[in-house]
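Following: one structure in structure tokens, then a few remarks.
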Amino acid sequence: MPIIVNLDVMMAKRKMSLNELSDKVGLTLSNLSILKTGKAKAIRFSTLETICEVLNCQPGDILEYVNDEPINPSNP
């Protein structure tokens, strides 16, 4: 999957547990776990905004795009 979720990295940098983040963000542990493991299909901007506020970070600190398909020079 080309979108990588680095929520666990930011939580570790802020020394915050999933339980603590869940309480501060107002999401269930299961929903945060789905997001953290990269199994989420979507995220609301309002949820992303709240997570960024709580973790004092930018959306790009949590979400990363990685192109996993090799570039074919003969087929632009």
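A 4.5 Å side-chain heavy-atom check between L18 and K36 finds at least one atom pair inside the cut-off. Residues R14 and C57 are in side-chain contact: their nearest non-hydrogen atoms beyond the backbone lie under 4.5 Å apart. Counting heavy atoms from C-beta outward, E20 and M11 have side chains that stay 4.5 Å or more apart.
Judged by distance alone, the side chain of S22 and the main-chain N or O of L27 form a donor-acceptor pair under 3.5 Å. Judged by distance alone, the side chain of T50 and the main-chain N or O of S46 form a donor-acceptor pair under 3.5 Å. Judged by distance alone, the side chain of T37 and the main-chain N or O of S33 form a donor-acceptor pair under 3.5 Å. The main-chain N or O of Q58 is found under 3.5 Å from a side-chain atom of D61 such that the two form a donor-acceptor pair.
Distance check, rounded to the nearest 0.5 Å: CG of L7 to CG of L32 gives 6.5 Å. Remark: S30 OG to I34 CD1 distance equals 5.5 Å, nearest 0.5 Å. Interatomic distance, L55 CG to I62 CD1, rounded to the nearest 0.5 Å: 5.5 Å. Here CZ of R44 is found 12.5 Å from CD1 of I51. Values are rounded to the nearest 0.5 Å. Atom-to-atom distance recorded for N6:CG and K13:NZ is 8.5 Å, nearest 0.5 angstrom. Going from atom NZ of K41 over to atom CG of L35 covers 13.0 Å, rounded to the nearest 0.5 Å.
A pairwise comparison of heavy atoms in C52 and P59 identifies SG-N, 3.5 Å as the closest pair.
A single hydrophobic cluster is seen to contain both V5 and M16, as judged by linkage of ILVMFWY side chains at heavy-atom distances under 4.5 Å, directly or through other members. Under a hydrophobic-cluster definition in which Ile, Leu, Val, Met, Phe, Trp and Tyr are linked whenever side-chain heavy atoms come within less than 4.5 Å, directly or via other members, I43 and L29 are assigned to the same cluster.
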